[in-house]
Amino acid sequence: MAVSVRGFGELEAVIMERLWSWGRPTSVREVVDDLRRERQIAYTTVMTVLDNLHRKGAVRRELDGRAYRYVPVQTREQHVAGLLSAVLDDAGDRTAALLGFVDRMSRSEVSALRRALDEYDTRRRHR
């Protein structure tokens, strides 16, 4: 499985992908059991990674009996939007970077971007 989420280490990204796709509070045991279908991994490794994600602010945890359940604090899309914003902050010329990005998009992606910008304008006008 290719990891498409940047800003996390490899195992962090794999775990975050699962949490995002499941969309519910998830225990360490559930993550371990799922990961073991693809690889050998220790319970303590997954517990440490989830604890690190919690300390980084990527997940929140809820006590459920004697164990924690973990939930992402942002959706995958919100996380990616934050990464894009950080990249633009580093670009120097944000407009040039955005135009370069749009140049690499397909026609259907450009159309989707136009629709999203139209929706954004409509929401801003109605505030």
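Positions are given from 1 along the sequence. For the numbers below, each heavy atom of this structure counts, side chains included, while hydrogens, waters and symmetry mates do not. Values in this document were obtained by computation on a predicted structure and should not be read as measured data.
- The aromatic rings of His79 and Trp20 are tilted relative to each other, their planes meeting at an angle between 30° and 60°.
- Listed by chain and number, the residues in a side-chain hydrogen bond (donor to acceptor under 3.5 Å, both in side chains) with Glu77 amount to none (sequence neighbours excluded).
- The distance between the ring centers of Tyr68 and His54 does not fall below 6.0 angstrom.
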From CA spacing to verdict: side chain to side chain contact (heavy atoms under 4.5 Å, CB included), Leu83, Val87: CA-CA 6 Å; Leu83 293 174; Val87 168; 5.6 Å; no

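- Sorted by first and then second residue, the salt bridge (Lys or Arg N to Asp or Glu O under 4.0 Å) pairs with a member in residues 41-65 read Glu12-Lys56, Asp51-Arg55, Asp51-Arg61, Arg60-Glu62, Asp64-Arg69; sequence neighbours excluded.
- Note that CG of Leu50 is 9.0 Å distant from CE of Met16, once rounded to the nearest 0.5 Å.
- Counting non-hydrogen atoms of other residues, nucleotides and ligands closer than 6.0 Å to CZ of Phe101 gives a total of 12 or fewer.
- The closest donor-acceptor contact from the side chain of Thr26 to the backbone of Arg24 lies under 3.5 Å.
- Side chains of Tyr43 and Thr48 form no contact here, defined as non-hydrogen atoms less than 4.5 Å apart.
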Step-by-step salt bridge (Lys or Arg N to Asp or Glu O under 4.0 Å) determination, Arg114 to Glu119: CA-CA 9 Å; Arg114 280 194 177 108; Glu119 288 176 29; over 6 Å; no

Please walk me through it: do Arg18 and Glu30 pass salt bridge (Lys or Arg N to Asp or Glu O under 4.0 Å)? CA-CA 10 Å; Arg18 279 168 170 77; Glu30 291 171 292; over 6 Å; no

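- Note: Leu53 CG to Ile15 CD1 = 6.5 Å, rounded to the nearest 0.5 Å.
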